[in-house]
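Heads up: the structure comes next, in structure tokens.
Numbered from 1 within each chain, the chains take letters A, B, ... in sequence-line order.
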There are 2 protein chains.
Amino acid sequence: MKIEPESCRVDDALGILVGKWKPLILLHLLKNGTQRFSELKRSVPGITQKMLTNQLRDLEEEDIIERKVYPQVPPKVEYSITEYGRSLEPILNAMHEWGTNHIIHKREKMKKENVGNERKL
Amino acid sequence: MKIEPESCRVDDALGILVGKWKPLILLHLLKNGTQRFSELKRSVPGITQKMLTNQLRDLEEEDIIERKVYPQVPPKVEYSITEYGRSLEPILNAMHEWGTNHIIHKREKMKKENVGNERKL
DNA sequence: CTGCATCCAAAATGATACTG
DNA sequence: CAGTATCATTTTGGATGCAG
């Protein structure tokens with residue numbers, strides 16, 4: 001399927017992944033399976049409760065993750081990747097791979113630029 | 001290569017693509033090859049000069065596109081995808097495909113939910 | 001334990017005028 | 001033609017307190 005600018009759906013996919021914590025949240029759920037809210041919070045250092053809730057809601061809205069509430073006290077809520085959500089895994093892997101290589105690419109590029117600058121001195 | 005949360009590079013790739021206009025700009029350059037600033041501006045309806053400049057600078061910074069200035073009056077500046085930048089194409093295609101399917105998925109989901117709601121009446 | 005509400009700061013985007 | 005500069009607006013993220 002060729003992309004035409006008039007009917008580009010890249011942004012639709014991008015929108016799902018964009019958010020400071022979404023990739024990490026998805027990764028933890030993919031790697032560790034079902035997790036409670038508090039487990040996720042511990043798994044993603046630095047995230048606030050508000051942001052975790054927000055990002056989980058976003059992902060739930062798009063049917064990427066599932067939220068299961070146990071009606072008990074104290075509350076218990078479990079999150080997991082949906083079957084459909086797993087279809088994102090290849091893209092996440094591709095981006096991780098590309099990103100890993102990109103870091104190398106940038107380092108190489110900077111090296112060359114530095115050599116160039118030295119020659120100018 | 002398996003992604004570990006501690007060494008996730010998805011955000012590095014994501015950062016390149018994120019920006020309201022970047023996917024469209026990349027698509028136009030991939031599809032039409034080298035383009036002048038004004039051609040790009042026409043190709044991306046609604047974008048302002050400022051945003052076009054910003055996003056082009058971002059992409060150039062990451063070595064995804066190349067900027068060639070012709071020192072003449074009036075000025076002429078051409079943009080094109082770098083060889084390295086083309087390595088993003090598979091990811092863009094995958095996201096476009098996923099996004100296209102996601103739109104269908106959401107429509108199906110809404111249909112089901114509506115049926116469910118009708119039953120509740 | 002889970003999560004909502006409020007208030008605030010920072011970043012991204014947009015409108016507009018100006019320049020070589 | 002291809003920008004830059006400035007200011008306004010919108011969006012996103014963060015801190016904190018409260019509640020079932």
Side-chain angles (χ1 to χ4, degrees), chain A residues 8 10-29 32-62 64-81, chain B residues 8 10-29 32-62 64-81:
Chain A
C8 172
V10 172
D11 286 327
D12 294 270
L14 218 43
I16 310 287
L17 271 353
V18 170
K20 190 167 171 187
W21 311 94
K22 281 180 197 155
L24 264 184
I25 291 169
L26 289 174
L27 241 52
H28 277 288
L29 290 176
N32 304 325
T34 300
Q35 293 215 256
R36 294 186 59 166
F37 184 87
S38 49
E39 287 177 309
L40 276 173
K41 183 145 173 14
R42 271 192 300 277
S43 299
V44 186
I47 196 170
T48 60
Q49 279 181 338
K50 175 193 166 185
M51 286 310 295
L52 182 52
T53 307
N54 283 351
Q55 314 259 305
L56 287 170
R57 289 291 183 285
D58 288 350
L59 293 168
E60 189 193 358
E61 175 79 14
E62 301 294 341
I64 308 298
I65 65 175
E66 190 183 3
R67 176 170 181 262
K68 187 168 182 186
V69 182
Y70 294 84
Q72 62 186 40
V73 134
K76 173 177 167 182
V77 181
E78 285 182 343
Y79 294 89
S80 57
I81 302 275
Chain B
C8 172
V10 172
D11 286 327
D12 295 88
L14 217 44
I16 310 287
L17 272 353
V18 169
K20 190 167 172 185
W21 313 94
K22 279 177 198 159
L24 263 184
I25 291 171
L26 289 174
L27 242 52
H28 278 288
L29 290 176
N32 303 325
T34 300
Q35 294 215 257
R36 296 185 58 164
F37 184 86
S38 50
E39 288 178 307
L40 276 173
K41 183 145 174 16
R42 271 192 299 278
S43 299
V44 186
I47 196 171
T48 61
Q49 278 181 338
K50 176 192 166 185
M51 284 311 294
L52 182 52
T53 306
N54 282 352
Q55 313 261 304
L56 287 170
R57 289 289 184 286
D58 287 351
L59 292 168
E60 189 194 358
E61 175 79 15
E62 300 295 340
I64 308 298
I65 65 175
E66 190 183 3
R67 177 169 180 264
K68 185 168 184 185
V69 182
Y70 295 83
Q72 62 186 40
V73 132
K76 174 176 166 183
V77 181
E78 284 182 344
Y79 293 90
S80 58
I81 302 274

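Nearest heavy atoms, B:Q55 versus B:K20: OE1-N, 3.8 Å. Smallest separation of non-hydrogen atoms from A:P23 and A:L17: CD-O, 3.6 Å.
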Step by step, would you call B:R67 with B:V69 a side chain to side chain contact (heavy atoms under 4.5 Å, CB included)? CA-CA 7 Å; B:R67 177 169 180 264; B:V69 182; 3.8 Å; yes

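Between B:R36 and B:V77 the shortest side-chain heavy-atom distance does not fall below 4.5 Å. Side chains of B:L59 and B:L29 form no contact here, defined as non-hydrogen atoms less than 4.5 Å apart.
Taking CD of B:Q35 as the start and CG of B:L56 as the end, the distance is 10.5 Å to the nearest 0.5 Å.
When DNA chain C is scanned in the 5' to 3' direction for atoms under 4.0 Å from non-hydrogen atoms of chain A, the outermost contacting nucleotides are C:dC1 to C:dT6.
A:D12 is linked by a side-chain contact (heavy atoms from CB on, under 4.5 Å) to A:R9, B:I103, counting only residues two or more places apart in sequence or in another chain.
Contacts classified as side-chain hydrogen bond (donor to acceptor under 3.5 Å, both in side chains) and involving residues 68-78 of chain A (residues at least two apart or in different chains) are given here: A:Y70-A:E78.
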For every nucleotide of nucleotides 8-16 of chain D, 5' to 3': is a protein heavy atom under 4.0 Å from its base (B), only from its sugar-phosphate (S), or from neither (-)? -----SBB-

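Between B:R36 and D:dC1 there is no side-chain N or O to OP1 or OP2 distance below 4.0 Å.
Rounded to whole Å, the distance from CZ on B:R42 to C1' on D:dC1 is 11 Å. If you measure from atom CD of B:Q35 to atom P of D:dC1, you get 15 Å, rounded to the nearest angstrom.
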Pairs under 3.5 angstrom only: tabulate donor-acceptor contacts from the side chains of residues 42-53 of chain B to other protein residues two or more places apart or in another chain.
from	atom 1	to	atom 2	distance (Å)
B:S43	OG	B:E39	O	2.8
B:T48	OG1	B:M51	N	3.2
B:T53	OG1	B:Q49	O	2.8

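At a non-hydrogen distance threshold of 4.0 Å, B:P75 from residues 72-80 of chain B come into contact with DNA chain C.
Between the side chain of B:K22 and the backbone N or O of B:V18, at least one donor-acceptor pair lies under 3.5 Å.
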